[in-house]
Amino acid sequence: MGKKRSDFASQVLTIVRRIPYGRVATYGDVAAAARRPLAHRAVGNIMRTCHDTSVPCHRVIAAEGKLGGYAGDLQRKRSLLMGEGLAVSAGKVRNFAEVRWKAKKN
DNA sequence: GCATTGACTAGGG
DNA sequence: GCCCTAGCCAATG
């Protein structure tokens, strides 16, 4: 680390890193936790440009429990989610409402 | 500094 | 339930 990212990017990465095992959050939730509820697009852009291995980016999914996308292999993202006890079907998390992690304000 | 793009979201048909 | 449109933020050329 040491790479000086934008304050928003750094905040987003911190939020994603706080997502516990077996939980998932939407881009909107992460964006809202980063003080930018309308920056859901920017969150996806940050994850794409700053996909760090220290950040469980696979726990960040789109709304409605949809997986959305992933850097490299989307299938890997699905495998990771299923590996955490999440039921993924048709590119969506069935128990999304149950495993949805409520991001707290910072 | 403007235009384009992206792992998005919500709404309408 | 799917496709298209409009709107938002940040990074890149």
Side-chain angles (χ1 to χ4, degrees):
Chain A
M1 309 202 334
K3 298 280 292 185
K4 181 65 170 62
R5 304 186 189 87
S6 300
D7 295 340
F8 178 67
S10 183
Q11 183 71 347
V12 169
L13 294 175
T14 301
I15 299 299
V16 176
R17 213 180 306 135
R18 286 175 183 170
I19 302 176
Y21 178 91
R23 297 278 184 160
V24 293
T26 64
Y27 296 96
D29 288 345
V30 177
R35 292 306 198 173
R36 291 291 187 275
L38 304 181
H40 34 65
R41 268 178 143 250
V43 173
N45 195 13
I46 294 165
M47 304 315 276
R48 187 177 72 85
T49 58
C50 303
H51 49 87
D52 294 64
T53 55
S54 303
V55 180
C57 32
H58 62 272
R59 289 178 190 153
V60 183
I61 62 179
E64 300 296 319
K66 293 182 289 193
L67 299 185
Y70 192 77
D73 298 298
L74 179 60
Q75 296 300 317
R76 179 165 181 75
K77 183 176 185 176
R78 183 176 66 132
S79 299
L80 288 168
L81 291 172
M82 293 180 74
E84 296 193 359
L86 303 180
V88 181
S89 181
K92 300 182 194 167
V93 180
R94 291 200 158 292
N95 55 346
F96 166 67
E98 300 177 28
V99 299
R100 185 177 185 178
W101 175 67
K102 285 298 300 175
K104 295 172 64 178
K105 292 196 268 188
N106 184 29

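The basis for the numbers below is simple: all heavy atoms, side chains too, and nothing from hydrogens, waters or symmetry mates.
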Residues 80-91 of chain A, side-chain donor-acceptor partners within the protein, below 3.5 Å, at least two apart:
from: A:Glu84; atom 1: OE1; to: A:Gly22; atom 2: N; distance (Å): 3.1
from: A:Glu84; atom 1: OE1; to: A:Arg59; atom 2: NE; distance (Å): 3.1
from: A:Glu84; atom 1: OE2; to: A:His58; atom 2: NE2; distance (Å): 3.0
from: A:Glu84; atom 1: OE2; to: A:Arg59; atom 2: NE; distance (Å): 3.0
from: A:Glu84; atom 1: OE2; to: A:Arg59; atom 2: NH2; distance (Å): 2.9

Tell me which residues in residues 61-69 of chain A lie within less than 4.0 Å of DNA chain B, going by non-hydrogen atoms.
A:Ala62, A:Ala63, A:Gly69
I'd like a table of donor-acceptor pairs (distance under 3.5 Å, sequence neighbours excluded) in which one partner is a side-chain atom from residues 36-51 of chain A, with atom names and distances.
from: A:Thr49; atom 1: OG1; to: A:Asn45; atom 2: O; distance (Å): 3.0
from: A:Thr49; atom 1: OG1; to: A:Ile46; atom 2: O; distance (Å): 3.2

Protein heavy-atom contacts under 4.0 Å, written 5' to 3' over nucleotides 5-10 of chain C as B (base), S (sugar-phosphate only) or - (none), form the string --BBBB
Round to the nearest Å and state the distance from A:Met47 atom CE to C:dA11 atom C1'.
15 Å
With sequence neighbours excluded, what pairs up with A:Arg100 under the salt bridge (charged side-chain N to carboxylate O under 4.0 Å, His left out) test?
A:Asp29
Between A:Lys77 (side chain only) and A:Val60 (backbone N and O only), is there a donor and an acceptor less than 3.5 Å apart?
yes
Mind checking what makes side-chain contact (heavy atoms from CB on, under 4.5 Å) contact with A:Lys92, not counting sequence neighbours?
A:Lys66
Interatomic distance where OH belongs to A:Tyr27 and C1' belongs to B:dA10 [whole Å]
17 Å
Within the structure provided, determine whether A:Thr14 and A:Val55 are in side-chain contact (heavy-atom separation under 4.5 Å).
no
Grouping I, L, V, M, F, W and Y whenever their side-chain heavy atoms are under 4.5 Å apart, do A:Phe96 and A:Val16 come out in a common cluster?
no
Compare all side-chain heavy atoms of A:Tyr70 with those of A:Arg78 and state whether any distance is below 4.5 angstrom.
no
